[in-house]
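In what follows, a single structure is set out as structure tokens and then discussed.
A, B, ... follow the sequence lines: proteins, then strands. Residue 1 opens every chain.
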There are 2 protein chains.
Amino acid sequence: MTAPTPRKSPRQQRAHATCAAILEATARILESAGPEALTTNRIAEVAGVSIGSLYQYYPAKQAILAELVRAQRAALLTDLQDAVQQAAGLDLRATVPLLIAASLKHHAHRPLLAQRLEAAEKTLALDAETAALKAQIDALVVKVLAQRGVADPRQAAFDLAAMVTGWADAAVMAGDSDTVALAERMTRAANGYLGLAPGSVR
Amino acid sequence: MTAPTPRKSPRQQRAHATCAAILEATARILESAGPEALTTNRIAEVAGVSIGSLYQYYPAKQAILAELVRAQRAALLTDLQDAVQQAAGLDLRATVPLLIAASLKHHAHRPLLAQRLEAAEKTLALDAETAALKAQIDALVVKVLAQRGVADPRQAAFDLAAMVTGWADAAVMAGDSDTVALAERMTRAANGYLGLAPGSVR
DNA sequence: GCAGAATGTGAGCAATCCCTCAGCTTTCCA
DNA sequence: TGGAAAGCTGAGGGATTGCTCACATTCTGC
């Protein structure tokens, strides 16, 4: 019922290719035509695969979207873990920009896709695995902030994530491609939120 | 072609009631079941109106959504204008919380609806009237910021709007209903962004 | 080689979608 | 008061949707 995981795991290489083609086709339709134009028949067509093959690996249309969302979350977790490792020994002021840069990475790569997946996530009933990833991400940020003396690390982690995500989406829509400058402006806001004195960012 | 305005203007009172019922039904379905469940037949059913009546006033499904989006934008413009009037003679530090409070007002009233309408706006091709409203809103904020000595008022207006909107949506999703506290935290971030020293909020 | 598992195919079903239209009821106004 | 305008109805047309299933093809291990 609530099992948006692949219905059958691909064992051979061409099966993996089929799954990948389906996911990529879904991503491309999402980018070029939006969620309203995302139909299973069209996904199969763009992927160059028969509709039957699609349903051999994904039990429902939603499952394909869920898989993309899950992958995006997993990538974010990895990038954040890297950032945290890089921030070892650094103080709060130096850590924040690293976290922001990690969060912005996916928006920089395929901006429209990232935005549409986030929108889809709000409507989708996300599976247990994706929920677990979200929890891991949250816990990671909470821990980093707490270690650096932030007063209410839970609240702060939530607020900073909300701020960066929504802001990044809007920037993407407006065609702002200068991620570095965007990250710098976000850092200013985050510093203000955390009660850090303005100071020159460099 | 791109005329999502009512196809026929209601002249009698019961016609106005019909239009209102259709809009309210659309809002309710959006809140309770999401955009995927928003069908014209269902709208008519929930509104207690026949499907034929619906199409007498709205030429397409999208037009109903566009009307709701337009109304939301118009309300935001009004609230911002009030805030600006209230901020006459005040400095930047005192003005920012007023602008934030105005922006948050709709999210506080019907949070889920506000969020889903914003999501819909990103997919919809918005009509000329709504675009004009957006431009007015932007110009208003730019002017207020410029008058109070903000360096790059265009950029700042965009960034602050993006920050507040996305953040508010996320807070709504998480069930955070304490709008006052939320506004205060946002103000801290905005102050940091604008280069204002932390200082006590009151 | 070959049996069986894994993979791939696509016509088409049932359900649903958006929207039209011919005819009915209610309201307005001279 | 009566004709015209405005409003309302809902069956259903044509298109599309998500998805199934009976069957063909390809690969793997022995």
Side-chain angles (χ1 to χ4, degrees), chain A residues 1-27 29-30 32-68 120 123-125 127, chain B residues 1-26 29-30 32-68 120 123-125:
Chain A
M1 197 169 292
T2 51
T5 31
R7 143 185 304 188
K8 177 201 294 185
S9 303
R11 312 226 173 259
Q12 303 176 7
Q13 205 163 27
R14 63 180 173 147
H16 271 111
T18 298
C19 283
I22 290 169
L23 289 177
E24 178 57 27
T26 303
I29 294 169
L30 225 45
S32 63
E36 314 236 318
L38 192 73
T39 70
T40 51
N41 284 309
R42 180 137 181 69
I43 292 172
E45 181 193 336
V46 171
V49 158
S50 96
I51 181 68
S53 290
L54 188 154
Y55 278 96
Q56 207 145 35
Y57 299 103
Y58 300 97
K61 187 176 96 166
Q62 301 276 357
I64 309 176
L65 260 178
E67 179 81 5
L68 280 178
T123 302
L124 244 62
D127 54 316
Chain B
M1 195 169 291
T2 53
T5 32
R7 144 185 301 187
K8 177 203 292 185
S9 302
R11 314 228 173 258
Q12 302 176 9
Q13 204 163 27
R14 63 179 173 148
H16 271 111
T18 298
C19 283
I22 290 169
L23 290 178
E24 179 56 27
T26 303
I29 295 169
L30 225 45
S32 63
E36 311 236 321
L38 192 73
T39 71
T40 52
N41 284 310
R42 180 136 180 71
I43 292 172
E45 181 192 337
V46 171
V49 158
S50 95
I51 180 67
S53 292
L54 188 154
Y55 278 95
Q56 208 148 35
Y57 299 102
Y58 300 96
K61 188 177 96 166
Q62 301 278 356
I64 308 175
L65 260 179
E67 179 82 5
L68 280 178
T123 303
L124 243 64

Report task. Sugar-phosphate means primed atoms, P, OP1 and OP2; the rest is base. With that split, encode nucleotides 21-30 of chain D 5' to 3' as B, S or - using protein heavy atoms under 4.0 Å. Result -> -----BS---
For the pair made of [atom1] in [X] and [atom2] in [N], what is the distance, rounded to whole Å?
| X | N | atom1 | atom2 | answer |
| --- | --- | --- | --- | --- |
| B:Tyr57 | C:dC18 | OH | C1' | 20 Å |
| A:Ile29 | D:dG18 | CD1 | C1' | 14 Å |
| A:Leu54 | C:dG8 | CG | C1' | 12 Å |
| A:Lys61 | D:dT16 | NZ | P | 15 Å |
| B:Gln62 | C:dC17 | CD | C1' | 13 Å |

Would you compute the distance between atom [atom1] of [X] and atom [atom2] of [Y] and round it to the nearest 0.5 angstrom?
| X | Y | atom1 | atom2 | answer |
| --- | --- | --- | --- | --- |
| A:Ile64 | A:Tyr55 | CD1 | OH | 7.0 Å |
| A:Asp127 | A:Glu67 | CG | CD | 8.5 Å |
| A:Thr39 | A:Ile51 | OG1 | CD1 | 8.0 Å |
| A:Ile43 | A:Ile29 | CD1 | CD1 | 5.5 Å |
| B:Ile22 | B:Tyr57 | CD1 | OH | 8.0 Å |
| A:Lys61 | A:Thr26 | NZ | OG1 | 10.0 Å |

Report task. Could you check which residues of residues 37-51 of chain B get a heavy atom under 4.0 Å from DNA chain D? Sort them by number, please. Result ->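 Within residues 37-51 of chain B, the residues near DNA chain D are B:Val49, B:Ser50, B:Ile51.
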Query raised in the report: Within less than 4.0 Å of OP1 or OP2 of D:dC8, is there a side-chain N or O belonging to B:Thr18?
Result: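 For D:dC8, OP1 or OP2 has a side-chain N or O of B:Thr18 closer than 4.0 Å.
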**Report entry** Any A:Tyr58 side-chain nitrogen or oxygen under 4.0 Å from OP1 or OP2 of D:dG18
**Finding:**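 No, outside the criterion.
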**Report entry** Under the side-chain hydrogen bond (donor to acceptor under 3.5 Å, both in side chains) test, residues paired with A:Glu24 that sit two or more places apart
**Finding:**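 Per chain and number, A:Glu24 pairs via side-chain hydrogen bond (donor to acceptor under 3.5 Å, both in side chains) with A:Arg28, A:Arg110.
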Requested in this report: Report yes or no: does B:Ser53 contribute a side-chain atom to a donor-acceptor pair with the main-chain N or O of B:Val49 at less than 3.5 Å?
Outcome: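 Not at all, since once roles are kept as given, no pair shorter than 3.5 Å links the two residues.
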